[in-house]
Q: 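The structure that follows is given in the form of structure tokens.
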Amino acid sequence: MGKTVKVAGPLIIAEGMENCKMYDVVRVSELGLLGEVIELRGDKASVQVYEETFGLGPGEEVVSTGEPLSAELAPGLISGIFDGIQRPLTALYEKYGARISRGVSVNKLDRGKKWTFVPTVKKGDEVEEGDVLGTVAETELVEHRILVPNGVCGKILSIEKGDFNIEETIAVIKTEKGDTPVCMLRKWPVRRGRPYKEKLTPDAPMVTGQRVVDTLFPIARGGVAAVPGPFGSGKTVVQHQLAKWADADIIVYIGCGERGNEMTDVLNEFPELKDPKSGEPIMKRTVLIANTSDMPVAAREASIYTGITIAEYFRDMGYNVAIMADSTSRWAEALREMSGRLEEMPGDEGYPAYLSSRLAEFYERAGIVKLLGKEGRTGSVTAIGAVSPPGGDLSEPVSQATLRIVKVFWGLSASLAYKRHFPAIDWLISYSLYADKMKDWYDGNVSVDYFRYRQFIMTVLQEEAALDEIVRLVGMDALSSKDRLTMETAKMIREDYLHQNAFHEVDTYASLKKQFLMLKLIYEFYNRATEAVENYADLSKILSSSCKEKIGRAKYITEENLSEFDEISRSMNAELKALAQGGEDV
């Protein structure tokens, strides 16, 4: 037990804390405010408090719990809405009302609810850490696998099928240290990554259904990506779309210091969304962490670690997890404020000198890994972090530190957003370092032509950017027919392929097969039109042909009617062939 000697916003200096350890959780004052030790100097501890500290002064009691800040991991996480330190917001609302008072405390997970546990091993079986003991049907979409706790291995002495709460014993394992009772509840320090056997090289994509992402700048399952962009360029919309449609078993969405109205939109939207594969509400495979910008700054930092720990927990069951952090800039601002209050030597723009290493610690916890246990399971965590650089200036420290770590960069453009082009991912500045490594996967699972078509549209877009300078100077009429065709094809790529309406029931998602068929149409149009132009066909007739309009409407073809693409392709080839022959006659 110690006493406060200084209170400076969310930072408290307490003396008499010689028995404390770094990152121990403490309770401050008679209110019991939750805090975490972030610095030790002799018997003095600097405490980061996760609640408002107004009214506190020197002399307040500070009591250490002797435990680090930990996440509770058990059935009950899915569909849950938590704050940055994993307090369940629904339970807080039911117990304390809409305004949460300081120092209030509820269990992070419901201790009273019974879950039906079904064993997958039997008495006498030898098990080791990471093996599956049994399952709980947490929701219709998620089978919660109860694993042998870390550091435990031995023989099953007893295991029962039945209804248990998360603290009741479901099995007893005989180990070298004696008989070890096992319940469904696990606790894990949020700042420490969960163990695994081996980290693997990502070689398959996480399909998102967003054409600009899947085709031009794909992210690998177990990869890391950054979405930087200025205010209003659509960072949150992009992350919402990925959370809704990404090919992941579990979604963990962290609202880390974003505006309250944006987090409200998430909380209102997600319960209404349907999972595209099952038709069930998408919340049945989602965990939301809502930490808005009006909450204490310190809680922003904790929310990132809480989210990644929950993601690792489901990864360890063998699931593919996608974690969205919106936004890491707000998290970095929390680091900057606490570093300033600790009077540490500042780095660029006042951020702490260890900013890059803290960002790396977060992103490096993503990946596809071989898991503990005899089964040889694999699981993955794919991390996507939004970055909010002031004024869209990518030279600021958070953006630069992030770019040195991530392998996918989806640079958002304010000019595209102002033109109502969404997703506003700028194809001239974005990149993916995973694309070439996943070519074999695309060749085997989509088509050997997929990457050829991808290269075609990237080339056309690059040529358009070069020709655009000429058009601005001397006008479109100064271009040759072939260059004008290139400009029109680039326009088709931009408006008919890359532009995607998140609010249209069909266009909001496109499977890889549909994306390939759309690419093929544009590729065939360009080649046929080029042949026609070379045969002196009238370019204006080509550009006003009905097939061009059909290509523009192809994005609205449903996944059940993809055979319509064949008919469009046949009619397009016939129409352009006729134009080419007509040009020869002239």
Side-chain angles (χ1 to χ4, degrees), residues 211-212 214-217 413 415-416 419 421 425-431 435-436 439 442 447-500 514-555 565-586:
R211 292 186 289 269
V212 66
D214 291 341
T215 301
L216 296 186
F217 314 111
S413 164
S415 62
L416 285 175
K419 294 174 185 174
H421 179 106
I425 295 175
D426 190 337
W427 46 86
L428 297 177
I429 64 171
S430 302
Y431 60 83
D436 291 340
K439 185 179 184 302
Y442 279 98
S447 170
V448 291
D449 292 324
Y450 191 91
F451 261 63
R452 182 157 58 91
Y453 295 163
R454 174 180 180 268
Q455 186 59 48
F456 158 73
I457 67 170
M458 293 186 78
T459 301
V460 170
L461 291 171
Q462 292 284 353
E463 289 177 359
E464 182 202 29
L467 291 170
D468 196 45
E469 296 293 326
I470 299 173
V471 172
R472 289 181 186 178
L473 289 172
V474 294
M476 183 71 78
D477 294 337
L479 297 180
S480 66
S481 294
K482 190 171 187 308
D483 286 343
R484 286 175 62 192
L485 178 60
T486 298
M487 294 292 285
E488 287 296 327
T489 306
K491 184 179 178 182
M492 291 170 64
I493 292 169
R494 286 189 283 106
E495 296 181 358
D496 302 335
Y497 188 79
L498 298 182
H499 180 274
Q500 201 163 351
K514 181 178 177 180
Q515 293 180 42
F516 172 73
L517 293 173
M518 291 176 69
L519 282 176
K520 186 179 179 183
L521 278 183
I522 297 172
Y523 180 80
E524 289 179 346
F525 171 84
Y526 179 79
N527 285 339
R528 289 293 185 187
T530 300
E531 289 176 11
V533 167
E534 289 173 350
N535 286 327
Y536 306 105
D538 187 345
L539 181 62
S540 61
K541 288 184 179 180
I542 295 172
L543 299 182
S544 60
S545 61
S546 62
C547 64
K548 189 167 177 289
E549 184 182 347
K550 290 176 183 176
I551 292 173
R553 292 200 303 265
K555 64 168 72 175
F565 279 93
D566 293 333
E567 179 58 36
I568 295 174
S569 179
R570 280 194 295 268
S571 64
M572 176 186 69
N573 283 320
E575 187 173 357
L576 293 179
K577 186 176 180 180
L579 285 171
Q581 291 172 344
E584 283 179 335
D585 294 340
V586 173

Q: So which atom in Ser430 and which in Phe217 form the shortest heavy-atom distance, rounded to 0.1 Å?
A: O-CE2, 3.3 Å
Q: Is there a side-chain contact between Glu463 and Thr459 (heavy atoms, below 4.5 Å)?
A: yes
Q: Can you measure from CD1 (Ile493) to CG (Leu461) and round to the nearest 0.5 angstrom?
A: 5.0 Å
Q: To the nearest 0.5 Å, how far apart are CD in Glu524 and SG in Cys547?
A: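 Reported to 0.5 Å precision, the distance equals 11.0 Å.
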Q: So do Leu498 and Ile425 actually touch side chain to side chain, heavy atoms under 4.5 Å?
A: no
Q: Rounded at 0.5 Å granularity, tell me how far CG in Leu543 sits from CD in Glu488.
A: 5.0 Å
Q: Evaluate the side-chain proximity of Met487 to Arg484: yes if any heavy-atom separation is below 4.5 Å, no if none is.
A: no
Q: How many angstroms lie between OH in Tyr450 and NZ in Lys520, if you round to the nearest 0.5 Å?
A: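 Rounded to the nearest 0.5 Å, the OH-NZ separation comes to 14.5 Å.
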Q: Do Asp538 side-chain atoms and Ser540 backbone N/O form a donor-acceptor pair below 3.5 Å?
A: yes
Q: Give the minimum heavy-atom separation between Ala580 and Ala532, together with the two atoms involved.
A: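 Distance-wise, the nearest heavy atoms are CB-CA, 3.7 Å.
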Q: Give the intermediate values and the outcome of side chain to side chain contact (heavy atoms under 4.5 Å, CB included) for residues Trp427 and Leu416.
A: CA-CA 11 Å; Trp427 46 86; Leu416 285 175; 3.9 Å; yes
Q: Begin from the C-alpha positions of Arg553 and Glu549 and carry the test salt bridge (Lys or Arg N to Asp or Glu O under 4.0 Å) through to its verdict.
A: CA-CA 6 Å; Arg553 292 200 303 265; Glu549 184 182 347; 2.7 Å; yes
Q: Any idea which heavy atoms bring Met518 and Asp496 closest together, and the distance?
A: CE-O, 3.4 Å
Q: Within this structure, what is the CZ-NZ distance for the pair Phe525 and Lys548, rounded to the nearest 0.5 Å?
A: 6.5 Å
Q: Determine whether Met572 and Glu575 make a side-chain contact, defined as any pair of heavy atoms from C-beta on separated by less than 4.5 Å.
A: no
Q: Leu521 and Ala554: which non-hydrogen atoms are nearest, and at how many Å?
A: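 Closest pair (atom of Leu521, atom of Ala554, distance): CD1-CB, 4.2 Å.
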Q: Are the side chains of Val212 and His499 in contact, using a 4.5 Å heavy-atom criterion?
A: no
Q: Going by the angle between their ring planes, with limits at 30° and 60°, are Tyr523 and Tyr453 parallel, tilted or perpendicular?
A: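 The rings of Tyr523 and Tyr453 sit tilted, inter-plane angle from 30° to 60°.
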Q: At their closest point, which heavy atom of Thr215 faces which heavy atom of Gln515, and how far apart are they?
A: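 Reported closest heavy-atom pair: OG1-OE1, 3.0 Å.
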Q: Output, in order, the C-alpha distance, side-chain angles, deciding distance and verdict of side chain to side chain contact (heavy atoms under 4.5 Å, CB included) for Ile457 and Leu216.
A: CA-CA 9 Å; Ile457 67 170; Leu216 296 186; 3.5 Å; yes
Q: Salt-bridged, Arg570 to Asp566, with N to O below 4.0 Å?
A: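 A salt bridge is absent here (no side-chain N lies under 4.0 Å from a carboxylate O).
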Q: Quick check against the 3.5 Å criterion: does Ser569 have a side-chain atom that pairs as donor or acceptor with the backbone of Phe565?
A: no
Q: Can you check whether Glu531's main-chain N or O pairs, donor with acceptor, with Asn535's side chain at less than 3.5 Å?
A: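 Flag set: sc Asn535 to bb Glu531 pair under 3.5 Å.
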Q: What I'd like to find out is whether the side chain of Thr486 reaches to under 4.5 Å of the side chain of Leu479, using heavy atoms alone.
A: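 Not touching, per the 4.5 Å side-chain cut-off.
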Q: Flag the pair Phe456 / Thr489 as yes when at least one side-chain heavy-atom distance between them is below 4.5 Å, and no otherwise.
A: yes
Q: Tyr526 and Thr530: side chain to side chain contact (heavy atoms under 4.5 Å, CB included), yes or no, with the steps?
A: CA-CA 6 Å; Tyr526 179 79; Thr530 300; 3.8 Å; yes
Q: Looking only at non-hydrogen atoms, find the nearest pair between Leu539 and Ser481 and report the distance.
A: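 Nearest pair, atom of Leu539 first, then Ser481: CD2-O, 3.7 Å.
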Q: If you measure from CG on Leu485 to NZ on Lys482, what distance do you get to the nearest 0.5 Å?
A: 7.5 Å
